[in-house]
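Presented below is the structure to which this report refers.
Sequential numbering from 1 along the given sequence is applied to the chain's residues. Nothing here was measured: the structure is a model prediction, and the numbers come from that model.
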Amino acid sequence: MATLFVDKLDPQSGTSLEIGTSGDTITIPSGATLDLSNATQTGVGGTMTPAFEATLTQMTNPGDATFFKGNYNTEVYDTNGCYDPSTNQRFTPTVAGKYFIYQSANFDAQGISNFGSCKIAIYKNGSSYRQSYFDEYNNYYSYAKTPYLGTVVDMNGSSDYVEGYCFFNIITGTAYRVTYGVFGGYKIIT
């Protein structure tokens, strides 16, 4: 093996620089840094799929002071057909890895003195995994809140699934609703 010592390689004007031939392996040794921060990068990195996003259809009087599944039944996209927008409304990715999962929902008590507290929760395999929470502590400063939640979930690529849940505690009133939310996710690491 020969070693070539140069400071810069430039292709001829109007051509491309090619390193190696089909079937060759180009390695970067341990301790070396490949700096692509100022380069236009193509063909590197992994794909961030499976990925999905679904929007929440308005839910009127969905239940007081109890967790209920959010009605995230309108798909915006579903790259691999892993989200079930019908009755299950769950994401079951077919590729193992770590996934960034996010959720939001608007909780509208239809009156300042009606709002108690609200939560959103990402459930993994039927149990609460992460939650986001608003509580008015009887101050009654607002009648609507929109919590957001984002977290990383490790999924096995076969049976693990996630779902978006909501919780609304109403002080008074019966015309409350949950609306304007999203539930989505995408693979970040294999």
Please say which of Phe183, Tyr161, Tyr77 ends up in a ring pair (Phe, Tyr, Trp, His ring centres under 6.0 Å) with Phe52. Phe183
Which atoms form the tightest heavy-atom contact between Lys187 and Ala96, and what is the distance? CD-O, 4.2 Å
Tell me whether Lys145 forms a cation-pi arrangement with Phe134, defined as NZ or CZ under 6.0 Å from the six-membered ring centre and within 45 degrees of its axis. yes
Salt-bridge criterion met for Asp108 and Arg177 (N-O under 4.0 Å): yes
To check you understand the geometry: which heavy-atom pair defines the closest contact between Phe168 and Ala109, and what is its length? CZ-N, 3.8 Å
Apply side-chain hydrogen bond (donor to acceptor under 3.5 Å, both in side chains) to Tyr72 and Glu163, showing your working. CA-CA 9 Å; Tyr72 298 98; Glu163 301 164 298; over 6 Å; no
Rounded at 0.5 Å granularity, tell me how far CD in Gln131 sits from CD in Gln103. 10.0 Å
Restricting to non-hydrogen atoms, name the atom on Leu56 and the atom on Gly70 that form the minimum distance, rounded to 0.1 Å. CD1-C, 3.8 Å
Examine Tyr123 and Tyr148 and state if one hydrophobic cluster contains both, with Ile, Leu, Val, Met, Phe, Trp and Tyr joined whenever side-chain heavy atoms are less than 4.5 Å apart. no
Got a list of side-chain donor-acceptor pairs under 3.5 Å for residues 60-68, not counting sequence neighbours?
from	atom 1	to	atom 2	distance (Å)
Thr60	OG1	Gln58	NE2	3.4
Asn61	OD1	Tyr176	N	3.1
Asn61	ND2	Thr174	O	2.8
Asp64	OD1	Ile170	N	2.8

Spacing of Cys166 atom SG and Lys69 atom NZ [to the nearest 0.5 Å]: 11.5 Å
In terms of heavy-atom contacts, Ala51 and Tyr186 come closest through CB-CB, 3.7 Å
At what distance, to the nearest 0.5 angstrom, does OG1 of Thr94 lie from CG of Asp160? 12.5 Å
Cys118 to Phe115 - nearest heavy-atom pair and separation: SG-CZ, 3.6 Å
Are Val162 and Met155 packed together at the side-chain level, in the sense that at least one heavy-atom pair is separated by less than 4.5 angstrom? yes
Is the ring centre of Tyr83 less than 6.0 Å from the ring centre of Phe91? no
Hey, are the side chains of Thr92 and Cys82 touching, using non-hydrogen atoms and a 4.5 Å cut-off? no
What's the separation between atom CG in Asn125 and atom CG in Asn156, rounded to the nearest 0.5 Å? 7.5 Å
Taking the side chain as everything from C-beta on, heavy atoms only, tell me whether Tyr165 gets closer than 4.5 Å to Ile120. no
Measure the shortest side-chain to side-chain distance between Pro50 and Pro93 over non-hydrogen atoms and say whether it is less than 4.5 angstrom. yes
Does Ser86 offer a backbone N or O that forms a donor-acceptor pair with the side chain of Asp84 under 3.5 Å? yes
Rounded to the nearest 0.5 Å, what separation is found between the NZ atom of Lys119 and the CG atom of Leu149? 12.5 Å
Do Thr146 and Asn106 have side-chain N/O donor and acceptor atoms under 3.5 Å apart? yes
Nearest heavy atoms of Ile171 and Ser113, plus distance in Å: CB-O, 3.6 Å
Classify the side-chain pair Glu53/Tyr102 by whether it contains a donor and acceptor separated by less than 3.5 Å. yes
Residue pair Gln89 / Asn71, side-chain donor-acceptor N/O under 3.5 Å: yes
CD1 of Ile189 to CG of Asp154: how many Å apart, nearest 0.5 Å? 9.5 Å
